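Take a look at the structure below.
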Amino acid sequence: MKPINLFCFPFAGGTKYSYNALLPYVPSFIKFVPIELPGRGTRLGEPLLSDIHLIADDVYSQVKSKLIRPYAFYGHSMGTLIGYLLTKRIIQDGFDHPIHLFFTGCAGPSEIESQPKSYHLPKNQFISKLKKMGGSPPEVLDDEEFMDMYEPILRADFQAAETFCYVKSDPFHIPIWVAIGKDEDATMQQAESWRKETTANVEVFEFPGDHFFILEHQQRLLNMISNGLEKVAV
């Protein structure tokens, strides 16, 4: 099988290293391509972006020279919106589109505006929201020195994702695989709304766990992504 580039877009507060725990389960035919966003990780000195469209533009500038089929996208939470907007931009500009999209932890884009907003909450309420979502140990979120550095990154990313405005457009023809956690805010009905965005096959799954269920089901997640790619690879 021809190698497939899997571009991976981070969740809010994430870096290019956020999916490193998945690496042991990546099969040899998949090349893992993690993407770094401004204002964190290896790009810590750059200004943060709080507009999801500007973030997508930044990612587009990083990947447009590498969009050689076969390739696919994976994103969790905010990363799904990046992948969605990037796919629209790629089709608009006439590039070869991804062979598959894999999105976790996010309602379909048409449902984002109806979800509660938290980026503007006072610090104690904002941190309580983060604890409820999972993904970070409570003792880390209670570390004031750490949060002085990390909170602005999280708030910018939350603002970018939560202020996304959906604009209805023609669906593309790319299969989408979607998964959410049973105990997170997004519902199965909201996850099913991804079907509006493509005329190709959409599979929707529910995993045990909260918003960061992906941290508890890494091998299963990669196995399902691998199986999905094997079905469409040519």
Side-chain angles (χ1 to χ4, degrees), residues 1-2 4-11 19 29-33 35 52-53 55-57 59-60 62-64 66-115 160-162 164-181 184-207 211 213-214 220-234:
M1 182 183 299
K2 190 174 180 180
I4 299 172
N5 285 335
L6 180 64
F7 294 92
C8 300
F9 312 121
F11 44 81
Y19 299 126
F29 72 89
I30 295 178
K31 181 181 178 183
F32 209 67
V33 188
I35 300 299
I52 196 68
H53 294 279
I55 293 174
D57 287 346
V59 174
Y60 182 64
Q62 293 186 59
V63 305
K64 64 181 179 180
K66 305 172 185 176
L67 299 177
I68 302 171
R69 282 172 67 96
Y71 71 92
F73 290 160
Y74 169 65
H76 179 73
S77 195
M78 181 182 74
T80 69
L81 288 179
I82 297 171
Y84 169 74
L85 292 173
L86 191 60
T87 300
K88 290 287 191 181
R89 178 73 177 274
I90 286 166
I91 293 171
Q92 173 188 308
D93 289 357
F95 285 99
D96 289 335
H97 59 71
I99 62 172
H100 210 305
L101 304 175
F102 299 92
F103 294 148
T104 57
C106 189
S110 63
E111 297 290 326
I112 299 298
E113 291 176 78
S114 66
Q115 294 191 305
E162 292 176 349
F164 166 80
C165 294
Y166 180 69
V167 177
K168 187 176 180 180
S169 59
D170 292 337
F172 41 66
H173 188 73
I174 304 168
I176 305 177
W177 182 98
V178 180
I180 61 170
E184 68 171 304
D185 289 340
T187 66
M188 282 293 285
Q189 182 178 356
Q190 290 173 327
E192 291 278 357
S193 70
W194 278 104
R195 299 186 187 279
K196 300 177 183 179
E197 309 307 325
T198 184
T199 56
N201 186 48
V202 176
E203 296 181 277
V204 182
F205 300 90
E206 187 176 67
F207 281 62
H211 183 63
F213 69 91
I214 61 171
R220 181 185 174 195
L221 176 64
L222 254 295
N223 286 344
M224 296 178 83
I225 289 175
S226 300
N227 291 339
L229 288 175
E230 287 177 332
K231 290 178 184 178
V232 297
V234 292

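These numbers come from a predicted model, not from an experiment. Side chains included, hydrogens not; waters and symmetry mates left out as well; all remaining heavy atoms used.
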(message) Go through it in stages, so that I can follow the logic: the residues are Leu6 and Val33, the test is side chain to side chain contact (heavy atoms under 4.5 Å, CB included), and I'd like the CA-CA distance, side-chain angles, deciding distance and then a yes or no.
(response) CA-CA 6 Å; Leu6 180 64; Val33 188; over 6 Å; no
(message) side chain to side chain contact (heavy atoms under 4.5 Å, CB included), that's the test. Do Met188 and Glu206 meet it? Break it down for me.
(response) CA-CA 7 Å; Met188 282 293 285; Glu206 187 176 67; 3.6 Å; yes
(request) Would you sort out whether Tyr19 and Ile214 count as a side chain to side chain contact (heavy atoms under 4.5 Å, CB included), showing the intermediate values? (result) CA-CA 9 Å; Tyr19 299 126; Ile214 61 171; 4.1 Å; yes
(request) Go through Leu86 and Phe7 one step at a time and tell me if the side chain to side chain contact (heavy atoms under 4.5 Å, CB included) criterion holds. (result) CA-CA 11 Å; Leu86 191 60; Phe7 294 92; over 6 Å; no
(request) Determine, stepwise, if the pair Phe213 / Phe207 fulfils ring-ring contact (aromatic ring centres under 6.0 Å, His included). (result) CA-CA 7 Å; Phe213 69 91; Phe207 281 62; 5.0 Å; yes
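Annotation: side chain of Phe29 is in contact with side chain of Ile4 (closest heavy-atom distance under 4.5 Å). Asp93 has its side chain within reach of Tyr60: a pair of non-hydrogen atoms, C-beta onward, lies under 4.5 Å apart. At least one side-chain heavy atom of Pro98 sits under 4.5 Å from a side-chain heavy atom of Ile174. Counting heavy atoms from C-beta on, the side chains of Lys196 and Pro171 never come closer than 4.5 Å.
Residues Ala161 and Ile112 approach most closely at O-CG2, 3.5 Å, considering heavy atoms. For the residue pair Gly228 and His100, the shortest heavy atom distance occurs at O-CD2, 3.7 Å. Across Ala160 and Ile55, no two heavy atoms sit closer than the pair CB-CD1, 3.7 Å. What you find for Ala107 and Gln115 is that their closest heavy atoms are CB-NE2, 3.9 Å. In terms of heavy atoms, Ser193 sits closest to Glu111 at OG-CG, 3.3 Å.
With respect to the salt-bridge test (charged N to carboxylate O, under 4.0 angstrom), the residues Arg89 and Asp57 qualify.
For His97 and His173, the distance between ring centers is not under 6.0 angstrom. Aromatic rings of Phe9 and Phe73 (six-membered ring for Trp) have centroids within the 6.0 Å cut-off, being under it. In summary, the aromatic rings of Phe103 and Trp194 are positioned with their centroids under 6.0 Å apart.
Between the side chains of Tyr166 and Glu113, no donor-acceptor pair of N or O atoms lies under 3.5 Å. If you check the side chains of Asp96 and Tyr71, you find no donor sitting under 3.5 Å from an acceptor.
Leu222 contributes atom CG, which lies 10.0 Å from atom CZ of Phe102 (distance to the nearest 0.5 angstrom). Taking NE2 from His53 and CG from Leu81, the interatomic distance works out to 9.0 Å, rounded to the nearest 0.5 Å. Expressed to the nearest 0.5 Å, how far CG of Asn5 lies from CD1 of Ile99 amounts to 10.0 Å. A distance of 12.5 Å separates CG in Leu229 from CE in Met224, rounded to the nearest 0.5 Å. Atom NE2 of His76 is separated from atom CG of Leu221 by 9.5 Å, given to the nearest 0.5 angstrom. Distance check, rounded to the nearest 0.5 Å: CD of Gln190 to OG of Ser110 gives 9.0 Å.
Within the 3.5 Å criterion, the main-chain N or O of Glu184 finds no donor-acceptor partner in the side chain of His211. In this structure a side-chain-to-backbone donor-acceptor pair under 3.5 Å is missing from Thr80 to Cys106. Remark: side-chain polar atoms of Thr104 are not paired, donor with acceptor, to backbone N or O of Ile180 under 3.5 angstrom.
Legend: side-chain hydrogen bond (donor to acceptor under 3.5 Å, both in side chains) pairs involving residues 223-232, not counting sequence neighbours: none detected.
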